[in-house]
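Below, read A as the first sequence line, B as the second, and so on, with proteins coming before strands; counting in each chain starts at 1.
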Amino acid sequence: MTTIRLTNSKTRRKEEFVPLDPANVRMYVCGPTVYDRAHLGNARPVVVFDTLYRLLRHVYGADHVTYVRNFTDVDDKINAEAQRRKALGRPETLEELIRERTEETIAWYHADMDALGALRPGHEPRATEFIGAMIAMIEGLIGRGHAYAVDGHVLFRVRSYKDYGALSGRSVDDMIAGARVEVAPYKEDPMDFVLWKPSDADLPGWDSPWGRGRPGWHIECSAMSYELLGDSFDIHGGGLDLQFPHHENEIAQSCCAHPQGQFARYWLHNEMLQVEGKKMSKSLGNFFTVRDLLNKGIPGEVIRFVLLSTHYRKPMDWRRGTVTAARKELRNWWFATEEVKLAAGADDTFVDALADDLNTSDAINRLRELYKAKEFSKLRASANLLGLLLPGTDPWFRPKVDDLVRGKVESVFALRQRVRAEKDYVTSDFLRAVLEVAGVTVADGKNPTWIASFAGQERGWKKLAELSEDESERFVNFDSLASIARSRHVWLSSEIDSNNNLTDGHVVIVDEVPETIDVDLLYELVRVAGYDV
RNA sequence: GGCGGGUUGGCGGAGAGGUUACGCAGCGGAUUGCAAAUCCGUGAAGACCGGUUCGAUUCCGGUACCCGCCUCCA
C-alpha cells in the first residue's frame, strides 16, 4: 500500500500517515463563513484538501474516507446583511432572512467549487444545526472547570489548559506581553475567549442555560467534529491563518471536553494565496472571487491547475501569465487524452509524488513526463487523481462555433481553397489573415482544415476593437469582416513586451490589403459574413 | 515585540551534496507556396556574506529584503 507522508503542523515534521482506522479515515476541514461569494483565497484550501481527499480515497478506498467540511452560518456579517434586508422592509423574521442569505451563499459556494472540480465532502454541517451539541459541550467544559459563565457570556479558561499554544508555538505569557488581546471586564484573564455570548433582540439567538445567545466562533468546529468524527480523528485542515487562534482554541476546547480523546492527530495548514505580493483579503480590498475568474472565461479546471502547481505549504502569488501557460498545457493534455481508454490505475511515480506530503507540483511534473512519453492513458488516469481531465468536464478547450458562424467560415474557407488551387497566393494569404482576424486558424497540408483559433489568439492576434485585458476565450467573430472590407485594412494586434514576450502593452500593426485583391472579393466576404454591402 | 514562511533562469516552479529538472515564453533548424501544428536543437538560475566539504543552489551560521499570524479572515 502507498505510504502517505504529511507535514504535521503539530509536530512541525513530515510524518508517515497512519490512520486510526484504515476502514474509516476521518478528515475535518474548516469551511467558509457563508456571507458572500468565495474569493480565490478561499479556493486554495478547498482544492488542496480535495486533492488530499482524492488521494486518501485512492489509497484506502472511496468508501473508507469520511470528509467533513463545515459551513459557518452564525456570524456578524451574515447578521448585518439580514438586518439590511429587514431595514428595506422585508416582512420575514431575522432568522428567515439569515437563512435566505446563507442558502444563497451556500448555493454559490457549491457552484463555484464544483467548477473547480472539488468533490463535495461527505458531510457539510451547518453551525446552526449543531447548537445543541455546542451547548452540551460548553456545559461539559464548565463542569470540568475549564469554562465559566458571566453575565450571559461563557468564557474558556485558557490557563486551565496547560498545552495551550503548542500548535502555533506561542506561550500564553508571550501573548499577554504582546498585549493585543481584548480585555473585557467579565474576563478572568485577558486570554480567555468566548464560547457563548448573549444576543439582543436584533440578533439571532438560541435559548441556553446562560440565557438567549449565540455561540462563539471556535466552538462550532469542536462540536461538529466530535459529533461527526468522534473524540479522536485523523486529519484537521485549514488555512495557515486559522492556526492561531482558531485551531488553538479548538484544541483547547476539544481536549478539555474530551480528555480521553486525542482530537485531531495530523494538522495540515496551507500557505496563503497572494495577489501582488499581499494576502488576498477583504480588508485590503485586493480580492476577487472565483466567479469573477470564471466569468472572465478562465475555466475552473485551469484555475485548479494553477492552484495545484505550487506546493500547498508555500505562498503562491496569483499572476496572469501562469493562467496562460496552464491553459495551454491542459489543452494539449486534453487533445491527447480525450479519446483514450483509461488505464487500470494511476501511474506509480505520480502517486508517490502525491503521497509525499501532497507534492502536487512534482506530481504535475510526472504528468508532463507521461505526456512526453505519449503514455496518454496513464496520463489521464493520473490526472484524474488531481481532479484534472475528469470525464464530463465542459470542453472549454474546444472553441464553440455555432452553425451560423460555421457556415460563414466554410464559405470563406472554400473561397480560399479555390484561389489556392489557382496559385493566387496573394489572395490566399489575405484570406488567411481575414480568417485569423475573425478568430479562425487555417491549417493547410494534406487535408486542409480550420479550427476556431486558439493558436491565433495565443500569438496575440485579435480583433482590435475587442481587445480587453483578460479576454481569453476563443471565439469566431465575423463582425470584423465588414470593417475590413470597408477600409481595405487588416488590423492585427499583439501584446509584446521589451523581451518580445507576448504579455502586456499593445502594439498595433496595420497591414494594408494588397492592391491586387479584388474589390468584388471584399464585398463577397462581407456578404458571406452576413452584412449588406 | 513574539511566532512562522519565503527569496531559484524572461515568467511559473521542483527534487537532489557532485550528473539537463520540468512547463510556458525566447532563439536556431526541419517541415510548409506562406502560416499553423508537429519534431529536433539551444541560451538563461539559485538574494548576500561566511563556514563544513574534494565538491553546495542543496547542510550549518549570519545579514538583507518580502510575506503571514498575534484582530474577522482560507
Side-chain angles (χ1 to χ4, degrees), chain A residues 9 12 29-33 35 38-49 72 75-77 165 168-171 173-182 217 237-246 248 269-274 277-284 287 305-306 309-311 313-329 332 335 353 356 359-369 371-372 420 423-426 428-429 432-433 435-436 440-446 448-451 453-456 458-459 497-503:
Chain A
S9 303
R12 286 140 220 258
V29 173
C30 289
T33 301
Y35 65 99
H39 67 221
L40 187 62
N42 294 304
R44 191 172 187 193
V46 170
V47 169
V48 164
F49 291 107
T72 298
D75 174 83
D76 288 344
K77 287 186 283 281
S168 52
R170 300 151 201 257
S171 79
D173 292 327
D174 286 348
M175 284 185 276
I176 300 288
R180 294 183 75 172
V181 289
E182 184 193 358
W217 174 37
L240 188 60
D241 55 342
L242 293 179
Q243 189 179 39
F244 187 89
H246 183 56
E248 202 71 73
H269 291 101
N270 61 278
E271 253 289 358
M272 297 294 99
L273 181 122
Q274 304 184 346
K278 291 260 203 308
K279 187 177 83 158
M280 175 182 268
S281 74
K282 293 270 172 181
S283 49
L284 285 174
F287 70 97
F305 184 99
V306 172
S309 63
T310 299
H311 184 84
R313 288 175 51 79
K314 281 203 172 183
M316 119 172 262
D317 210 348
W318 179 265
R319 289 170 188 276
R320 236 185 109 202
T322 330
V323 172
T324 308
R327 181 196 294 274
K328 181 162 184 178
E329 264 200 289
N332 287 342
F335 283 149
D356 179 14
N359 194 336
T360 50
S361 182
D362 209 32
I364 286 172
N365 186 45
R366 178 57 184 162
L367 296 183
R368 288 170 177 152
E369 288 177 5
Y371 174 73
K372 193 88 174 172
R420 280 188 76 220
K423 298 201 189 299
D424 176 1
Y425 291 124
V426 175
S428 171
D429 289 351
R432 170 188 292 287
L435 288 166
E436 198 72 62
V440 172
T441 292
V442 178
D444 294 330
K446 284 200 191 74
T449 184
W450 61 272
I451 58 168
S453 173
F454 288 109
E458 263 157 15
R459 287 277 301 242
D497 70 12
S498 55
N499 292 316
N500 273 335
N501 289 325
L502 292 161
T503 52

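Nearest-nucleotide mapping onto RNA chain B: of A:E271 and A:H39, the residue sitting toward the 5' end is A:E271. With RNA chain B read from its 5' end, the first of the two nearest nucleotides for A:N270 and A:N359 is the one closest to A:N359.
Base engagement by A:V442 is indicated by at least one non-hydrogen atom pair under 4.0 Å involving a base atom. Residue contacts for A:L273: at a heavy-atom cut-off of 4.0 Å it reaches a base atom on one of the strands shown. If you check every strand for non-hydrogen atoms under 4.0 Å, A:R319 touches sugar and phosphate atoms only. Using a 4.0 Å heavy-atom cutoff across all strands shown, A:D444 reaches at least one base atom of the nucleic acid. When heavy atoms are screened at a 4.0 angstrom cut-off, A:G277 is found touching the sugar-phosphate backbone but no base atom.
The gap from the P atom of B:A30 to that of B:C34 amounts to 11 Å, rounded to the nearest Å. For the C1' atom pair drawn from B:A16 and B:A56, the interatomic distance equals 11 Å after rounding to whole Å. As rounded to the nearest Å, B:C67 and B:G28 have C1' atoms that lie 41 Å from one another. Between B:U52 and B:U58, the distance separating the two C1' atoms is 14 Å to the nearest Å. On the C1' atoms, B:C59 is 32 Å away from B:C24, given to the nearest whole Å. Nucleotides B:U31 and B:G18, compared at atom P, are 41 Å apart to the nearest Å. Distance check on atom P: B:U32 versus B:U8 gives 43 Å, rounded to whole Å. One P atom belongs to B:G55, the other to B:G51, and the distance between them is 11 Å to the nearest Å.
As rounded to whole Å, 7 Å separates atom P of B:C24 from atom CG of A:N332. Atoms CZ (A:R44) and P (B:G68) sit 14 Å apart, rounded to a whole Å. Rounded to whole Å, atom C1' of B:C72 lies 14 Å from atom CZ of A:F287. Atom C1' of nucleotide B:C67 and atom CG of A:D241 are separated by 13 Å, given to the nearest angstrom. If you take CD of A:Q274 and C1' of B:G13, they are 15 Å apart, rounded to a whole angstrom. Between A:L240 atom CG and B:G68 atom C1' there is a gap of 7 Å when expressed in whole angstrom units. If you take CZ of A:R420 and P of B:A36, they are 14 Å apart, rounded to a whole angstrom. If you take CZ of A:F244 and P of B:C3, they are 14 Å apart, rounded to a whole angstrom.
The side chain of A:H311 approaches B:A14 more closely than any other nucleotide in the set B:A35, B:G12, B:A14. When distances run from any side-chain atom of A:P315 to the nucleotides B:A74, B:G33, B:G5, the shortest one goes to B:G5. Picking from B:G4, B:A74, B:A14 the nucleotide with the shortest atom distance to the side chain of A:T310 gives B:A14. Distance from the side chain of A:S428 is smallest to B:G33 among B:C69, B:C24, B:G33. For A:A443, the side-chain atoms get nearest to B:A36 when compared with the rest of B:G12, B:C34, B:A36. The A:R432 side chain lies nearest to B:A35 when the options are B:A74, B:A35, B:G13. Which of B:C69, B:C34, B:G5 sits closest to the side chain of A:R170 comes down to B:C69.
In this structure the side chain of A:V323 reaches within 4.5 angstrom of the side chain of A:W318, judged on heavy atoms.
With sequence neighbours left out, A:R12 forms a salt bridge (Lys or Arg N to Asp or Glu O under 4.0 Å) with no residue at all. By the side-chain contact (heavy atoms from CB on, under 4.5 Å) test, A:R366 is found to be paired with A:D347, A:T349, A:F350, A:E369, A:L370, residues two or more places apart in sequence or in another chain being considered. With sequence neighbours left out, the side-chain contact (heavy atoms from CB on, under 4.5 Å) criterion links A:Q274 to A:P315, A:D317. Looking at residues two or more places apart in sequence or on another chain, you find a side-chain contact (heavy atoms from CB on, under 4.5 Å) between A:S9 and A:L167, A:Q243, A:W267, A:H269.
Distances shown here put every side-chain N or O of A:K314 at or beyond 4.0 Å from the OP1 or OP2 atom of B:C67. In this model, the phosphate group of B:G13 is not approached by any side-chain N or O of A:S309 to a distance below 4.0 Å at OP1 or OP2. Applying the 4.0 Å criterion to OP1 and OP2 of B:C66, one finds that A:K278 has every side-chain N and O outside that range.
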Could you go over nucleotides 17-23 of chain B and give all protein N or O partners under 3.5 Å, atom names and distances?
residue, atom, partner, partner atom, Å
B:C22, O2', A:N365, OD1, 3.0
B:G23, O4', A:R368, NE, 3.2
B:G23, O2', A:E329, OE1, 2.7
B:G23, O2', A:E329, OE2, 3.2

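With rounding to the nearest 0.5 angstrom, the CG atom of A:L242 is 8.5 Å from the CG atom of A:N270. Atoms CG and CG, from A:D356 and A:D362 in turn, are 7.5 Å apart once rounded to the nearest 0.5 Å. Taking CZ of A:R44 as the reference point, atom OG1 of A:T310 lies at 6.0 Å (rounded to 0.5 Å).
Secondary-structure stems of RNA chain B, taken as three or more successive Watson-Crick or G-U wobble pairs (i with j, i+1 with j-1) under a 3.5 Å distance threshold, comprise B:1-7 with B:64-70, B:10-12 with B:22-24, B:26-30 with B:38-42, B:47-51 with B:59-63.
A distance-only check finds a donor-acceptor pair linking the side chain of A:S361 to the backbone of A:S309 [under 3.5 Å].
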